[in-house]
Amino acid sequence: MRGGSRARRWWGGGAAVAAGVAGVLVIQSVAGGPGGGEDGAKPGSTRTEARASELKVAADRTSAELPRRDTEPFSLLGVTWTDPAARITGTVEVRTKSAESGKWSGWRSLDGDHAVHGDGTGRGGTDPMWVGPSKGVEARVKAGGEVTELPAGIRLDMIDPGTGSVTAMEPAAFALLAADAENANNADSTGQNTPATETPATDPAATAEPPLTTPSATASTEVPPVTDPPATTQPSPSATTGPAPTGSPTTKPPTTAPTTAPTPGPPSTAPRPPIVTRAEWKADESMSPEGPTYLPGNKVKAVTVHHTSLTNNYTCAEGPAVVRGVYAYHVVSKKWKDIGYHFLVDKCGTIYEGRKGGMDRPVVGAHALGFNNETSSVSLMGNFMEVAPTQAALNSAARVAAWKLGQYGVDPMGTTVLTAGAAGASVPALGGQKWNVGDKVTRNTIHGHGHVTATACPGTKMYPLLSNIRELAGGSVSGLAVSSVTGGGTVGTTAYVKNSATVNWKATTPAPLIAKYEVLVNGKAVASTAGTATSAKVTLAAGSHQIAVRATHISRKTVTSAARTVIAETTPPVFSTKPTVALRPGTVDAAAVPVTLGWKATDARALRDVRLTQPLAKVYGPTVTAASHTSKPAATTWSLTAYDQAGNAATAAVAATPVILQEAHAVKTGAWSTKSSSSYLGGKSYSSATKNASLTWTFTGRSAAWVVSRAATSGQANVYVDGKLVKTVDLKSTATKYRDAIWTQTWATSAKHTVKIVVVGTAKRPTITTDGLVYVK
């Protein structure tokens, strides 16, 4: 770093301080590397370096600055000062130099007016800001507003959280939320994450908590709050006292034994979500050797929601490093004994263990001055003053809040009475209500930091969403419906299956907030799945059933969908009329004879369709009983399969052979002449204009068709079947036609028949031209 020499001391256990001349970089603490070793770090942790540099304060104490300079690498920073109760109501701004590109950022504002929210010990300071890997910094501070003089000991703290991998985190925290995490990673050009949903109204007062009770006029007899002593007694460098002396302590800070720890926390009515543990995000426990304390009465009454006030411009992969940075900032820079929050949630929905002492135990945090003794906390990693948190983050905040409150039978959608352990006030936008030590205040069991401390945390965009978190944590599953039942067909709203069905459903409540689904058959649960499932298979007895889905929220509230009728049956359809093949009118070719395939299929429940499988594939609706086709003049098998809605099937087939008998095969009477053309069957045909001239064919079959050529001058002929006149056929046609099956007849069974045609001798158009006879045997 430019500007002078510096000394360094390494101590993995806490707060060694080394300094050169005033204003240069001060190595505040270094936590150990992955393997521990000579630096004294806890094995398995990740090296975390915390440095500080004093700001040069003007003589009138209204401004201070840290000139632009290069630094050792860091990714998180904040401005702190000696008095934890002091604040800056002017401006606190920083700019940083990217370690990757070497470019300087624009000026970024830190919140110096942030009220004390730990327990009133340690150092005062802004919330930290994640700036990403950086190697240079510049800072400027101006007093203004209510506070016209800067506090003493003002300095810039920089944290390098290290790059330790956290591979154990992935299966624990990312599996259920992959889709939400992908959406959360999309950031706009300003570095702010794009909200997953439309941002609600931004007025925090719109979701104000229940009004405070009137402060008690009598002195309080309540137990004072448990304090959070500094992690070290080493004095902080200040603008008035100069840098701390060089050198390191001869012994590590003593470890404070925790208060009597309760037995493992009670089971919760809500399932515990996946949580990345301190070991998994590589916390160096030697940095905060002091043991935890536990809530008086060992009971959590509410959860306070925070934001870390970091920028939103971090990646999901950087989540563990961000947590390590907040941890070091709280412990080393602000001199708390541990990270202040119980849980942290990144924008991808990953939940991280915060303060040590047991996630399932009622550990005292340092997050809401005056109310630490009765509350747990969850802090969403980001700044929600201008943008809303992602849906994935809201889902996870709700999950961990529901689990924690569920340990103590607390309704996430209810209210509770808290006892103030310190005088304070809510944020002005929420009424600015004040209270004294011992006063009783009524608050939602899930409330924002500003409801119990005069602070903008967790951000104006978060306040309208607190009701969403309550609903997500303590509501019931919404939008539940059976979307379909598969395994068979559906008619209207009734599904048909054989003996098993797959029930598919949908819900608008995010899957991570659903504990389980159950499939109900006639009111009885027969299958159970995880809350991430959207279908389940059930086995059914024959008959009609009512099938519904019951969803259990993580709050243990249940809701049941509307029922669907499902009929299970295994009886196949029946071909009440077997398949038949009959000749039909149309153009006859030497390789294609027009035929009609007929059938009739029925089912006791619901016929779905009939499918032709041979000699070609076709599908017909349940009411269709015939179809037009062409057949080769050869032996052909026509195979049909009828399916009912349940999937049961029946097959039937018929074999038929169309035979072409040309005119030369007929017995002639009268005068007939031969015509030749490629348009005729076999290239030839017979014509006659002689009245009563005849042709007679004899065959054995069940269907016959007379094939002719037609024109505008064609005449008429009588058709006799087995010696009886059955029809007079007029061959006249405005368009010339060849090989036209003009007349057909079909019998119920195959038998020997005689077909005779006789020329009528129609006036002015007596001629007819015949091209043969086709029959089916």
Side-chain angles (χ1 to χ4, degrees), residues 487-492 494-498 542 567-661 699-707 721-722 726-727 740-753 755 773-777:
T490 301
V491 179
T494 301
Y496 295 82
V497 298
K498 291 182 179 180
I567 295 175
E569 56 114 355
T570 57
T571 303
V574 174
F575 278 95
S576 55
T577 299
K578 301 298 182 183
T580 60
V581 174
L583 298 169
R584 62 177 175 86
T587 301
V588 177
D589 281 315
V593 177
V595 297
T596 296
L597 177 65
W599 70 87
K600 186 175 182 180
T602 59
D603 186 72
R605 290 285 189 177
L607 187 68
R608 184 176 71 195
D609 55 48
V610 176
R611 304 184 186 188
L612 176 62
T613 58
Q614 189 180 348
L616 71 162
K618 291 285 184 180
V619 180
Y620 307 103
T623 60
V624 177
T625 58
S628 296
H629 291 284
T630 61
S631 174
K632 293 180 180 181
T636 303
T637 298
W638 301 78
S639 182
L640 293 167
T641 301
Y643 291 91
D644 63 16
Q645 290 289 353
N648 301 299
T651 299
V654 60
T657 305
V659 178
I660 298 175
L661 296 176
F699 59 90
T700 298
R702 63 179 304 274
S703 185
W706 179 34
V707 183
V721 176
D722 298 332
V726 295
K727 190 170 186 179
D740 188 21
I742 192 171
W743 166 88
T744 65
Q745 183 167 331
T746 299
W747 297 270
T749 60
S750 180
K752 185 176 181 180
H753 298 284
V755 173
L773 185 84
V774 180
Y775 73 95
V776 175
K777 69 174 181 179

Asks: Pairs under 3.5 angstrom only: tabulate donor-acceptor contacts from the side chains of residues 576-605 to other protein residues two or more places apart or in another chain.
Replies:
from, atom 1, to, atom 2, distance (Å)
Ser576, OG, Lys600, O, 3.4
Arg584, NE, Val595, O, 2.9
Arg584, NE, His629, O, 3.4
Arg584, NH2, His629, O, 3.1
Asp589, OD1, Arg739, NE, 3.3
Asp589, OD1, Arg739, NH2, 3.1
Trp599, NE1, Val624, O, 3.2
Asp603, OD2, Arg605, N, 2.9
Asp603, OD2, Ala606, N, 2.9

Asks: Identify the heavy atoms of Leu607 and Ala642 that sit nearest to each other, and give their distance.
Replies: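 Nearest heavy atoms, Leu607 then Ala642: CD1-CB, 4.2 Å.
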Asks: Could you tell me which non-hydrogen atom of Gly647 sits nearest to which non-hydrogen atom of Lys498, and how far apart they are?
Replies: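 Residues Gly647 and Lys498, closest heavy atoms: O-CE, 3.3 Å.
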Asks: Under the rule for side chain to side chain donor-acceptor pair (under 3.5 Å), what residues qualify as partners of Trp638, not counting sequence neighbours?
Replies: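 Trp638 satisfies side chain to side chain donor-acceptor pair (under 3.5 Å) with no other residue.
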Asks: Kindly give the heavy-atom pair with the smallest separation between Gly701 and His753, and that separation in Å.
Replies: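 Gly701 and His753 have their closest heavy atoms at O-CD2, 3.5 Å.
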Asks: For Trp747 versus Ala704, what's the shortest heavy-atom pair and its separation?
Replies: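 The pair with the smallest heavy-atom distance is CZ3-N, 3.9 Å.
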Asks: Are any of the side-chain heavy atoms of Asp644 and Tyr496 separated by less than 4.5 Å?
Replies: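 Contact flag for Asp644/Tyr496 side chains = no.
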Asks: Taking only residues two or more places apart in sequence or in another chain, which ones pass side chain to side chain donor-acceptor pair (under 3.5 Å) with Thr625?
Replies: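 Once residues adjacent in sequence are excluded, Thr625 has no partner under the side chain to side chain donor-acceptor pair (under 3.5 Å) criterion.
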Asks: With sequence neighbours left out, what residues match Asp609 under salt bridge (charged side-chain N to carboxylate O under 4.0 Å, His left out)?
Replies: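 Asp609 satisfies salt bridge (charged side-chain N to carboxylate O under 4.0 Å, His left out) with Arg611 only.
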Asks: Restricting to non-hydrogen atoms, name the atom on Pro573 and the atom on Asn648 that form the minimum distance, rounded to 0.1 Å.
Replies: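 Looking at all heavy atoms of both residues, the shortest contact is CD-O, 3.5 Å.
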Asks: What I'd like to find out is whether the side chain of Lys777 reaches to under 4.5 Å of the side chain of Thr700, using heavy atoms alone.
Replies: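 No, their side chains stay 4.5 Å or more apart.
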Asks: How would you list, by chain and number, every residue that makes a ring pair (Phe, Tyr, Trp, His ring centres under 6.0 Å) with Tyr775, sequence neighbours excluded?
Replies: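 By the ring pair (Phe, Tyr, Trp, His ring centres under 6.0 Å) rule, Tyr775 matches Phe699.
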Asks: What I'd like to find out is whether the side chain of Arg702 reaches to under 4.5 Å of the side chain of Thr746, using heavy atoms alone.
Replies: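 SC-SC contact between Arg702 and Thr746 confirmed.
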Asks: Give the minimum heavy-atom separation between Val491 and Gln645, together with the two atoms involved.
Replies: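 Residues Val491 and Gln645, closest heavy atoms: CG2-NE2, 3.5 Å.
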Asks: Please enumerate all residues that pass side chain to side chain contact (heavy atoms under 4.5 Å, CB included) together with Ala653, with sequence neighbours excluded.
Replies: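 With sequence neighbours excluded, Ala653 shows a side chain to side chain contact (heavy atoms under 4.5 Å, CB included) to Thr637, Ser639, given in chain and number order.
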Asks: Look up atom CH2 in Trp706 and atom CG in Asp740, then write down how far apart they are to the nearest 0.5 Å.
Replies: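 Nearest 0.5 Å value for the CH2-CG distance: 10.5 Å.
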Asks: Nearest 0.5 Å, what's the OG1-CG distance between Thr613 and Leu640?
Replies: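 CG of Leu640 is found 7.0 Å from OG1 of Thr613.
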